[in-house]
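This report concerns only the one structure given below.
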Amino acid sequence: MESLDPRVNRLNMKGFEGDLTRKVPLDQFGTFEVFVQMKEGKPYQHEGIVHAPNNEMAFVFAKEQFSRRMTCTGIFVVETRNVFVTQFTEGEDTVYNYVPDEFPQQGEKEQYEFFHLMKRGKQHEHVGAVEAKNPQEALALAKPAFINEKPVFNVWVIKTKDILFTSEEDKIIWDTLPEKKFREASDYKAGDKLKAFKENKAAQNQEK
Amino acid sequence: MNETALKELLYKVADDQLIIGHRNSEWTGMGPLLEEDIAFSSMAQDKVGQSQALYQLLHELGEKQPDTIAFTRNADQFHNCQLVELPNGEYDFSLIRHFLFDTAEAIRFDMLTTSSYTPLAQLAKKIQGELRYHTMHANTWIKQLGSATEESISRLQSSLDKALPYALGIFEPSPYEQELIAEGIFAGEEALKAKWTEKVTEVLSQTRLEIGDLSAIDPKFGGRQGKHTEHLQPLLDEMSEVFRIDPAAEW
Amino acid sequence: MYGGGNTFESVKFEGLENEDPQKLAEFEARIERGEKIEPHDWMPQLYRKQLIRMIEQHAHSEIIGALPEGTWITRAPGFKRKLALMAKVQDEVGHAQLLYSAAETLGKSREQMIDDLIEGKSKYSNIFNYPAFTWADSCFISWLVDAGAIVNQMANARGSYGPYCRALERICAEESFHLKYGHHCVIHMATGTPKQRQMMQEAIDRWWGPMMHFFGPPDKVSVHTEVLMRWKVKMASNDDCRNQFLDMYVPKIWELGLTIPDPNLRKNPETKKWEYTEPDWDEFKRVINGDGPCNKERLAVRRVAEERGKWVRQALLRPKTEYVTPLA
Ligand SMILES: [Fe+2]
Ligand SMILES: [Fe+2]
Ligand SMILES: [Fe+2]
């Protein structure tokens, strides 16, 4: 097969062409949830997922899929299965109304990060952390602070140690982002060229 | 300042960045998994952007426009090392090359942050973050694949064996080594190579890959003097195919 | 990018009567109120199936769409174009990633979707089965095929499924770069040298037919489309999208002194609708069923990419990991 694409011609596809055997679906990795901070001081917001074998690779992938434009001051990643999810509520009903005051006693004291969903259809945002023996206790401990506030429709609770954060010294990886103008619409202005062309054409038409 | 020496340095570094960026961009849309496709493309963009910035420095020293320099020279006028012009091969080779090259690149620019030629020092400082990500990416992958399956280890090992002579070609001495060092423009290829060897060895020691005895390897020199493998001219012909239809046109 | 509202035609609409009527009523009321449906909400099987199908095809269109333009990545003329095209094609791969993720929240794994694509079981936008002969073709795609995709995507972004809408919001923001970049390229070609102008005109002549096909065959409103419209799965009719596209872009093509190869193309001043020669719908059917100029190559490239990447993914596997459906 001779392709118009020189890259395709270099693929040497010969041996592959007829190969229609079903791909073993073994390469389905776990997924990792990605949170992005746009500016220093702003909350980390959930942006999406990447497929990856571990935290480190998830971080490497997340950086270019979820922070290759505008500004970014940090991301973190956590494997989906390490996220504890509460039930969902609606209207004026906050999820904290359903957090029981009794909770299991087992577990070591550890830190848990909290993420709130404040509007249906929007993303979860990081709100803080508490120390607790398990996610249920963490929720019960957070309850007094939030139950009389704006309704929270869903909470994600994640062990701090399950999260891979951006280290201070790695924060420079976003330094030149604002200079990647070639990824922005604003770098492609051709109005003047178009205007000159049209004026020129109009002038030629008049001459005729 | 010795301008001839400075220009020679700028040309070889810029040409390295352009050619490796071009090669790596060939993977876009065909990578081994979606997320990696995206990450690899970003780094290729960084490199092409860095080469443009370096050609701009040359332009400010009286050389032609970056587009003209990049898109109209022939292979014998390019000073990149041969490592970067080799075809992509399979992903193992592309990754190994990325690891070997980017480790050197990151150290080189780190050294250049103290260059006595201020515009170059400024550029080197500015791109520290980009390079940090490139080496983070490379190291993460090499550690991962270098200790995963039998297949991944043996693939990486044979690509490493193939790439090493060319990687040593990165450090081909310039005719102006002494001048560059004396004037504080760049601390020299020997110093770079020493740091590179240390870093590469350190990363590989965390894998099941063997680097072997570097002093027993015959480095592939020549690239810095415009002597190239048969792969560079076709790459340049392809790169400039449209540009050369009319080099004066605005595309 | 995405195109072809044809994707709903061959669907079997069964089982709706087996759904719990009260839950169905609540579900419909939520959509009626303009709220989004989220992965954890109850939804009719049919809604789930249709969405998976639609989002999956959209994702395939992005990853396959990266190929015709990718053809020109290594040949883009000058730094500005080289960097832009690399970033643009990268975005398309990124769009595929986002869309596959959105579809995954409905319970189909990405592996499964990619398998279905490379085994030819799943469709993607027909327009990518045509070749990009010259640099001007890539300019046409970046500007006008993306423009068409934006018309579709903006409509779909008002749909009812939360994760799909959020992915589309991100995508549409990036598409504005694609559109501006593409227009910038075409302006430079059309106002450039005679040779550039000629290249651009030839590209338009080649691509106009596929572009008209892009929005899918003329509307046949069926009971099924009504359900899908009520559920805000299908957001706009094929003809409406096509008309909107013509309305926005034909004047922009004409102002560059370029011509469109359809003598009947005009806006009817009374109906305010565009009139045009019907494109060859037999060709459309032929191509979508596999007999286009590039179908084989596109799938073969995808298959090769998967095959060549297999050892990489295998080496990254952790057999003990259990795949969990992503959250949002
Ligand atoms: Fe597109
Ligand atoms: Fe897209
Ligand atoms: Fe696009």
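Small disclaimer: the values here were computed from a predicted structure and weren't measured. To find a chain, count down the sequence lines: A is the first, B the second, and so on, and within it residues start at 1. FYI, side chains are in, hydrogens and waters are out, and symmetry mates aren't considered; it's all heavy atoms of this structure.
- The part of B:Gln144 that comes within reach of chain C is its side chain, from C-beta onward, which places non-hydrogen atoms under 4.5 angstrom from that chain.
- With a threshold of 4.5 angstrom between heavy atoms, C:Gln196 approaches chain B through side-chain atoms but not through N, CA, C or O.
- Contacts of B:Ala44 with chain C are made by both backbone and side-chain atoms, with heavy-atom separations under 4.5 Å.
- In this structure, chain B has a heavy atom under 4.5 Å from the side chain of C:Val301, while its backbone stays farther away.
- One side chain, B:Glu36 or B:Trp141, offers a donor N or O that lies under 3.5 Å from an acceptor on the other.
- Ion pairing between a basic and an acidic side chain is recognised when a charged N comes within 4.0 Å of a carboxylate O; C:Arg166 and C:Glu169 show no such pairing.
- Note on C:Lys108 versus C:Glu56: salt bridge recorded, some NZ/NE/NH1/NH2 to OD/OE distance being below 4.0 Å.
- The contact between B:Ser25 and chain C is made by backbone and side chain atoms together, counting heavy-atom distances below 4.5 Å.
- For the set B:Glu241, B:Gln45, B:Met30, the count of heavy-atom pairs under 4.5 angstrom toward chain C peaks at B:Gln45.
- A salt bridge links B:Lys47 to B:Glu105: at least one charged side-chain nitrogen sits closer than 4.0 Å to a carboxylate oxygen.
- Note on B:Ser41, B:Ala148, B:Gly29: by heavy-atom pairs under 4.5 Å with chain C, the leading option is B:Ser41.
- When the candidates B:Leu33, B:Thr149, B:Asp237, B:Asp67 are compared by the number of heavy-atom contacts under 4.5 Å with chain C, B:Asp67 comes out ahead.
- For a residue to count as touching a neighbouring chain, one of its non-hydrogen atoms must lie under 4.5 Å from one of that chain's; by this rule B:Phe40 does not touch chain C.
- For the set B:Glu250, B:Arg155, B:Met239, the entry with the most heavy-atom pairs within less than 4.5 Å of chain C is B:Arg155.
- Between chain C and the residues B:Leu145, B:Thr68, B:Asp92, B:Asp246, the largest count of heavy-atom pairs under 4.5 Å involves B:Asp92.
- By the 4.0 Å N-to-carboxylate-O rule, C:Glu306 lies close enough to C:Arg313 to be salt-bridged with it.
- The pair B:Arg224-B:Asp16 meets the salt-bridge criterion, since a charged nitrogen lies less than 4.0 angstrom from a carboxylate oxygen.
- Chain C forms the most heavy-atom pairs under 4.5 Å with one residue out of B:Arg23, B:Glu90, B:Glu150, and that residue is B:Glu90.
- Ring orientation note: the planes of B:Tyr11 and B:His79 are tilted relative to one another, at an angle of 30° to 60°.
- Residue contact with chain B, scored on non-hydrogen atoms closer than 4.5 Å, involves the backbone and the side chain of C:Thr74 alike.
- Interface residue B:Phe71: only side-chain heavy atoms are found under 4.5 Å from chain C.
- The closest side-chain heavy-atom distance from B:Ile245 to B:Trp251 is below 4.5 Å.
- In summary, B:Lys227 and B:Asp76 do not engage in a salt bridge, as defined by a charged side-chain N under 4.0 Å from a carboxylate O.
- Residue contact with chain C, scored on non-hydrogen atoms closer than 4.5 Å, is absent for B:Ser147.
- At a 4.5 Å heavy-atom cutoff, B:Ile153 makes no contact with chain C through either its backbone or its side chain.
- A cation-pi arrangement is not found for C:Lys88 relative to C:Phe177, the charged atom failing to lie both closer than 6.0 Å to the ring centre and inside a 45° cone about the ring normal.
- Of the two parts of C:Met189, only the side chain, counted from C-beta on, holds a non-hydrogen atom closer than 4.5 Å to a non-hydrogen atom of chain B.
- A cation-pi contact, defined as under 6.0 Å to the ring centre and within 45° of the axis, links B:Arg73 to B:Phe78.
- Ranked by heavy-atom pairs shorter than 4.5 Å toward chain B, the options C:Ile63, C:Leu67, C:Thr134, C:Val312 are led by C:Val312.
- The most heavy-atom pairs under 4.5 Å with chain B, out of C:His188, C:Lys82, C:Met86, come from C:Met86.
- Salt bridge status for C:Arg75 with B:Glu26: absent, with no side-chain N to carboxylate O gap under 4.0 Å.
- Contact annotation for B:Leu236: neither backbone nor side-chain heavy atoms come within less than 4.5 Å of a heavy atom of chain C.
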